[in-house]
Amino acid sequence: MADSHTIIVAGAGIGGLTAALALAAKGFRVVVLERTGRLDEVGAGLQLSPNASRVLVDLGLRSRLEACAVTPDAVTAINARSGRSISRMPIGDVATRTGSPYWVVHRADLQAALALQVAAHPAIELRLGCALDDVTLHADGVTVSAGGGLEQALALIGADGIWSAVRGRVFPKIEPMFSGLIAWRGTFAAEAMPDGEKLRGVQLWLGPDAHLVVYPISGGRRINLVAVVDGSWNQRGWSARGEPTEIIGRFAHWAGNARALIGAVESWTRWALFAMPDGGAWNQGPVALLGDASHGMLPFAAQGAGMAIEDAAVLAASLGASHGEGRGTAAEVAATLQRYAALRRHRVKRVQRLARQNGMIYHLPGAAALARDIAMRTLGPDRLLARQNWIYDWRP
């Protein structure tokens with residue numbers, strides 16, 4: 001018989017670790033299975049807007065994150081060819097209005113903070129080097145084969161990324177599609193900023209068929225840079241090595257400061273951008289997905305991590321409410337997970353579409369780019385920011 005208090009989470013990334021903490025806070029025992037032998041740095045920077053940061057603060061992570069995150073003062077959109085500002089949006093005002101911080105942080109620092117919080121929680125067991133081998137659904141819940149052993153539980157949560165092994169077992173026909181875009185990522189020391197500038201916010205450089213996102217991480221000591229370009233290279237993974245001359249050549253006609261930013265990067269990795277179908281894939285019986293496993297999206301709304309964190313909070317609240325009412329059969333858990341999916345599907349679909357639309361707007365050429373810049377200036381920074389309120393104002 002399955003343990004009515006145990007939830008298994010596959011994947012110890014941002015979504016999986018957040019889910020473990022949120023579920024443990026609801027009284028569950030949580031076993032986190034992570035196929036890698038250690039939690040290495042994956043990726044570079046990410047943005048945590050108030051909809052995500054308030055979940056992390058509620059889970060007790062404020063002090064850990066304040067030690068490594070940066071609070072940007074603005075997001076500045078810049079024309080790639082001229083190097084001139086299109087609009088400077090005071091993102092600090094969003095934090096003041098919502099009462100929750102807007103942070104930019106190195107992904108590894110966030111994962112490390114979550115891992116320390118998980119290690120300190122007596123109801124959570126993190127098993128590294130433990131890949132999920134098989135899943136069996138039955139009347140009492142789910143039995144997972146992993147690391148040579150069997151674990152029975154009330155439910156299995158797939159938080160194992162866009163190439164999810166859990167999704168492959170429960171939704172074998174649903175796969176991510178290549179977008180035709182490639183993200184090149186790197187960092188450099190803050191002292192290497194062009195003209196000795198001290199970067200305090202997020203820069204968004206907009207150009208034909210490409211864009212750059214630049215912001216400080218690691219307490220302001222490092223600068224994170226992501227360069228997004230079109231291309232056919234589409235290997236799986238997050239950190240394939242990139243040849244500097246290739247990416248430098250793609251920006252040869254951009255403004256001098258943009259080229260200097262790209263030239264300052266110490267080493268490059270590249271990541272082919274895949275995305276799940278709009279609306280995602282969510283649950284089957286006592287198995288549910290969250291984050292990229294469910295709805296991997298293009299990163300052009302800066303909400304990939306945010307949506308995974310939101311998923312974790314809603315999932316834990318849903319299971320916690322049912323658990324408190326004594327609902328522990330597989331059928332009752334399945335019904336609860338269906339409600340979780342219903343609560344998340346529409347919002348996630350809307351963010352997926354926004355990210356895709358943003359990518360097209362960022363990469364407009366010629367006259368269309370000029371019209372975009374004029375429209376942004378006409379709207380003004382306050383109204384541009386207000387268009388994101390439906391994202392930032394969310395609460396679990």
Side-chain angles (χ1 to χ4, degrees), residues 1-34 52 54-61 111 113-128 130 132 135-147 149-160 164 166 170 282-291 293-294 308-344 396:
M1 179 174 291
D3 186 334
S4 63
H5 295 279
T6 296
I7 306 289
I8 298 174
V9 176
I14 306 306
L17 294 177
T18 303
L21 290 168
L23 288 163
K26 298 296 182 181
F28 292 101
R29 169 181 175 258
V30 185
V31 177
V32 182
L33 308 177
E34 170 54 46
R54 65 171 53 95
V55 173
L56 300 176
V57 168
D58 288 346
L59 291 172
L61 285 148
Q111 187 177 37
L114 287 164
L116 286 170
Q117 199 84 350
V118 161
H121 203 298
I124 305 174
E125 180 185 354
L126 172 58
R127 300 179 185 172
L128 298 176
C130 190
L132 183 144
V135 179
T136 303
L137 312 186
H138 46 73
D140 294 319
V142 61
T143 299
V144 172
S145 172
L150 297 177
E151 184 80 36
Q152 295 186 346
L154 187 66
L156 167 65
I157 310 304
D160 49 345
S164 169
V166 176
V170 296
W282 291 93
N283 78 293
Q284 179 178 305
V287 180
L289 305 175
L290 66 75
S294 168
I309 290 167
E310 286 187 18
D311 288 347
V314 174
L315 175 72
S318 300
L319 284 170
S322 296
H323 186 64
E325 296 168 7
R327 298 175 182 170
T329 69
E332 290 163 342
V333 170
T336 298
L337 295 178
Q338 286 176 346
R339 286 193 293 275
Y340 152 70
L343 288 169
R344 295 299 297 154

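Bear in mind that the values here come from a model prediction, so they are computed numbers and not experimental data.
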(message) Can you list everything that forms a side-chain hydrogen bond (donor to acceptor under 3.5 Å, both in side chains) with E310? Sequence neighbours excluded, please.
(response) N51, R344, R347
(request) Over all heavy atoms of both residues, which pair between L289 and S294 is shortest? Give the atoms and the distance, please. (result) CB-CB, 3.7 Å
(message) As a quick check of understanding, evaluate side chain to side chain contact (heavy atoms under 4.5 Å, CB included) for V31 and V9, giving each step before the final call.
(response) CA-CA 6 Å; V31 177; V9 176; over 6 Å; no
(message) Could you tell me if the side chain of I309 sits less than 4.5 Å from the side chain of L56, heavy atoms only?
(response) yes
(message) Within the structure provided, determine whether T336 and R339 are in side-chain contact (heavy-atom separation under 4.5 Å).
(response) yes
(request) Would you mind reporting whether L137 and Q284 have side-chain heavy atoms less than 4.5 Å apart? (result) yes
(request) Drop me the distance from L23's CG to L315's CG, to the nearest 0.5 angstrom. (result) 5.5 Å
(message) Quick one, R127 and E151 - any side-chain contact, counting heavy atoms below 4.5 Å?
(response) yes
(request) State the CD-OG1 distance between Q117 and T18, to the nearest 0.5 angstrom. (result) 10.5 Å
(message) For L61 versus A113, what's the shortest heavy-atom pair and its separation?
(response) CD2-O, 3.5 Å
(message) For a 4.5 angstrom cut-off between non-hydrogen side-chain atoms, does H138 reach T143?
(response) yes
(request) Start with the C-alpha distance between L154 and T6, add both sets of side-chain angles, then the distance that settles side chain to side chain contact (heavy atoms under 4.5 Å, CB included), and finish with yes or no. (result) CA-CA 6 Å; L154 187 66; T6 296; over 6 Å; no
(request) Check whether any side-chain heavy atom of L290 lies under 4.5 Å from a side-chain heavy atom of W282, and answer yes or no. (result) no
(request) Walk me through it: do V144 and L33 pass the test side chain to side chain contact (heavy atoms under 4.5 Å, CB included)? (result) CA-CA 10 Å; V144 172; L33 308 177; 3.9 Å; yes
(request) Find out whether V166 and V287 are in side-chain contact, i.e. whether some heavy atom of one side chain is under 4.5 Å from a heavy atom of the other. (result) yes
(message) Main chain of G11, side chain of E34: is a donor-acceptor contact present, judged purely on distance under 3.5 Å?
(response) no
(message) To check you understand the geometry: which heavy-atom pair defines the closest contact between L319 and F28, and what is its length?
(response) O-CZ, 3.6 Å
(message) Apply side chain to side chain contact (heavy atoms under 4.5 Å, CB included) to residues L337 and S318 and explain how you reach the verdict.
(response) CA-CA 8 Å; L337 295 178; S318 300; over 6 Å; no
(message) So, taking the atom named CG in L17 and the one named CG in L126, what distance separates them when rounded to the nearest 0.5 Å?
(response) 6.5 Å
(message) Could you report the tightest heavy-atom contact between A308 and G291, atom names first, then the distance?
(response) CB-CA, 3.7 Å
(message) How close do A317 and K26 get, counting heavy atoms only, and between which atoms?
(response) CA-CE, 4.0 Å
(request) State, to 0.1 Å, how close N283 and A334 come at their nearest heavy-atom pair, and which atoms those are. (result) ND2-O, 3.8 Å
(request) Find out whether Q152 and V142 are in side-chain contact, i.e. whether some heavy atom of one side chain is under 4.5 Å from a heavy atom of the other. (result) no
(message) For the backbone of D160 and the side chain of S164, can you confirm whether one donor and one acceptor N or O come within less than 3.5 Å of each other?
(response) no
(message) I'd like to know if the side chain of D311 reaches the main chain of G15, judged simply by a donor and an acceptor atom lying under 3.5 Å from each other, with no hydrogens or angles considered.
(response) no
(message) Strictly distance-based, threshold 3.5 Å: is any side-chain N or O of Q111 a donor or acceptor partner for the main-chain N or O of A12?
(response) yes
